[in-house]
There are 2 protein chains.
Amino acid sequence: MPTMRDVADHAGVSIATVSFVVNNTKPVTAATRSRIEASMKALGYRPNAVARALASRRTRILALAYPMLDHRLGGSGMEFMIAAARTASTYGYHLMMWPGANDGRELTELVGQQLVDGVILMEVQLDDPRVAALKATATPYALIGRTADPSDSLHVDIDFEQSTSGAVQHLHDLGHRHIVFVTGTQDRESYYNYGPYVRTERAFRDVTARLGVAPVIIESGQDTTAGRDLAHRLFTECPDTTAVLVLNEFAAIGLLTGVIHRGVRVPEDVSIMSMLTSDEMATYTQPSLTIMRSPGTALGELAVHQLVQRMTKGTVPDPVLLPSTLVPAESTAPPPAIPYGRR
Amino acid sequence: MPTMRDVADHAGVSIATVSFVVNNTKPVTAATRSRIEASMKALGYRPNAVARALASRRTRILALAYPMLDHRLGGSGMEFMIAAARTASTYGYHLMMWPGANDGRELTELVGQQLVDGVILMEVQLDDPRVAALKATATPYALIGRTADPSDSLHVDIDFEQSTSGAVQHLHDLGHRHIVFVTGTQDRESYYNYGPYVRTERAFRDVTARLGVAPVIIESGQDTTAGRDLAHRLFTECPDTTAVLVLNEFAAIGLLTGVIHRGVRVPEDVSIMSMLTSDEMATYTQPSLTIMRSPGTALGELAVHQLVQRMTKGTVPDPVLLPSTLVPAESTAPPPAIPYGRR
DNA sequence: GTGAAAGCGCTAACAG
DNA sequence: CTGTTAGCGCTTTCAC
């Protein structure tokens, strides 16, 4: 691997001059510049990222910290990651995955290594020790989600109020008056005070109050199996239900398939709407789910934009809440049944 | 941020000695060691990863290169990423996501920066320019998947022969004699010669020949919509079908829901088996899919193990093919139908 | 416009 | 066992 030294010798200039053209950081005669460029090409020179980082005190690496909770990332979590990595690379940054515990200690370690210029925190909790840790180290960061403290700046998040009221309003417009809201079970340490649960539930109470319908709220686990169980619970506990709003996409899929499997028709008998969901998940069922689509990709891009702006311009962009989009289930003309009965 | 210099001064030793205890690289008296450790704690010292990397010529960063194809990562792709990141961190390595084009050029750039000690290549194609690029730069790498060239060492992959024959054998044991194999459409540049397609199809031909049944193979797109269309195509093109083997999990879900939606019973009328699938995907339908479970997590761990062994010990581990596991659909006692007809 | 030189913080001989 | 010292490859003043 040729170094800058080699290039300088080859071009008959000083190492400093090479640096100037590589970084375009000082004026250089067109003649010498092209001579240097020729040498770089001839030698196949590539600047050494590590040396550059040490000297310039910037690594051009961003960390994406996602807590290793017991649950898997949903579809939009994945969208988020991919979008963030792609966006980072357009800025000339690399994205490092950082699967850490949910406490601040490990994060402090990571940041102390000075390997990353900034950190993106996914799945921020209302009371998140990682945010405090990050603040203490003065590392630039961006939050996906919000803490309870409104002064924790630079976050992007889903607009839960908009999502929830949009969903409820839609169902209400369709004539539904008995709407059940299914939120996540909060008995676990990590989910207690989980922002999306708290904010969505609050929004649900608000909008139902506004519309003058009773807020029925039940808890459920966050996977398809739990959702399947709901299919039973729902009709015993809340027999009047005509529409269900499910906070978790996995649970929503379980509920929908479970309900259909029991001979209940969707949406004729009951409407099901899945919140915080990606397009992809909606297609897994038939009929497809009606969803409030999470802006996963947009969040990923935005988070990186914001963070980079903070690091380079030094300004702290305003928090942004992105709306969810209502995506109705594709209307399924009932297909011709296939007479089928061999074996 | 205190440096090693500060620690040395504080402890009244030389910078070298501090380095020795930090890296545990030379014997140091218990007395001085503890004095140094005390100083480190007192000052809150953390070694600077960049300086360390420059001096030692190892960054302790691994790159995970995944091609940004048009398709999304399946469930096991995600499992893989998470497992790889976690395993890397147990070795003291960081994992950097690298969303690159599918050609070798960008990869050469990345490696030229000398920011990573090794590269893991996901979704390796039978004829993959990235592998050639990597070989040329002499960077340690591990492949997920295989090229056509058996001398491309250090790969881990799914044992497609085992997966396929296991699946077919299972169906055959159940009495099926008309088994359709659904592979991916190969008209796209990026999928042409895609290893999993090629190997699985070959294995299917082999095992059906061995069992004396006719190999029926049809192509389909790789998403739920395409799978849904299959529900129709299948019964017109191959009316004798009693079992279907679907290579893609999204297509499998589409097929299953589509078929059920048309009044065909699964598995009474037709059996559906999804290949290369994660547990998670199997739960999205009801009845759940019978799957050959991909060893996504195991692959992720193994790939990192292998790569690290190559980098540290210098030995090149033997390729490993991991088997898939047959996970039958959970037997669904038909639930009591719920009389339901309000609204 | 170009060059000399002093670091960036740490590792790794080599001496002692 | 501990200290001295020469880099690692590049950025960045400060002179010229």
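This structure is a prediction, so every number in the text was calculated from the model and none was measured.
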Got a salt bridge between A:Glu109 and A:Arg105, using NZ or NE/NH1/NH2 to carboxylate O under 4.0 Å? yes
A:Arg310 side chain vs A:Pro317 backbone, donor-acceptor pair below 3.5 Å: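 Such a contact is absent between A:Arg310 side chain and A:Pro317 backbone.
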In degrees, rounded to 10°, what is the bend between the two ends of the helix from C:dG1-D:dC16 to C:dG16-D:dC1, using five pairs at each?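 If I round to tens, the end axes sit 40° apart.
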Under the side-chain contact (heavy atoms from CB on, under 4.5 Å) rule, collect the residues that match up with B:Ser151, sequence neighbours excluded.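 Here the qualifying residues are B:Asp149.
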By side-chain contact (heavy atoms from CB on, under 4.5 Å) - contacts of A:Ala53 (at least two apart):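 Once residues adjacent in sequence are excluded, the partners of A:Ala53 under the side-chain contact (heavy atoms from CB on, under 4.5 Å) criterion are A:Thr59, B:Val50.
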Under 4.0 Å between any heavy atoms, over every strand shown, what does B:Val50 touch: base, sugar-phosphate, or nothing? Just pick one. nothing
What does B:Val18 touch in the nucleic acid at a heavy-atom separation under 4.0 angstrom: a base, only the sugar-phosphate, or nothing? nothing
Please report, rounded to the nearest Å, how far the [atom2] atom of [N] is from the [atom1] atom of [X].
X        : N      : atom1 : atom2 : result
B:Asp9   : D:dT2  : CG    : P     : 17 Å
A:Asp6   : D:dC8  : CG    : P     : 11 Å
A:Leu115 : C:dG9  : CG    : C1'   : 13 Å
B:Arg5   : C:dA6  : CZ    : C1'   : 16 Å
A:Arg46  : D:dC10 : CZ    : C1'   : 17 Å
B:Arg58  : C:dA12 : CZ    : P     : 9 Å
A:Leu54  : D:dC10 : CG    : P     : 12 Å

Has B:Asp103 got more than 12 heavy atoms of other residues, nucleotides or ligands less than 6.0 Å from its CG?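 For B:Asp103, atom CG is crowded (more than 12 foreign heavy atoms under 6.0 Å).
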Within 6.0 angstrom of B:Asn23 CG, more than 12 heavy atoms from elsewhere: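 Yes, because the 6.0 Å sphere around CG of B:Asn23 holds more than 12 heavy atoms from other groups.
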Quick one: is D:dG7 close enough that its OP1 or OP2 comes under 4.0 Å of any side-chain N or O from B:Arg57? no
Can you see which heavy atom on B:Thr137 is nearest to which on B:Leu134, and at what distance? OG1-O, 2.9 Å
Please report, to 0.1 Å, the donor-acceptor pairs under 3.5 Å made by any side chain of residues 300-307 of chain A, with sequence neighbours excluded.
{"residue": "A:His305", "atom": "ND1", "partner": "A:Tyr91", "partner atom": "OH", "Å": "2.7"}
{"residue": "A:Gln306", "atom": "NE2", "partner": "A:Asp318", "partner atom": "O", "Å": "3.3"}

Could you measure the distance from the CG atom of A:Leu121 to the OG1 atom of A:Thr147? Nearest 0.5 Å is fine. 10.5 Å
Can you list, in residue-number order, the parts of residues 30-40 of chain B that come under 4.0 Å of DNA chain C, counting heavy atoms only? none
Within the 3.5 Å criterion, strictly below it, is a donor on A:Gln309 or A:Thr315 matched to an acceptor on the partner's side chain?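 On atom types as modelled, these side chains qualify, holding a pair under 3.5 Å.
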Quick one: does A:Val119's side chain get under 4.5 Å of A:Trp98's, heavy atoms only? no
Base, backbone or nothing for each nucleotide of nucleotides 11-16 of chain D, written B, S, -, heavy atoms under 4.0 angstrom, 5' to 3'? BBBB--
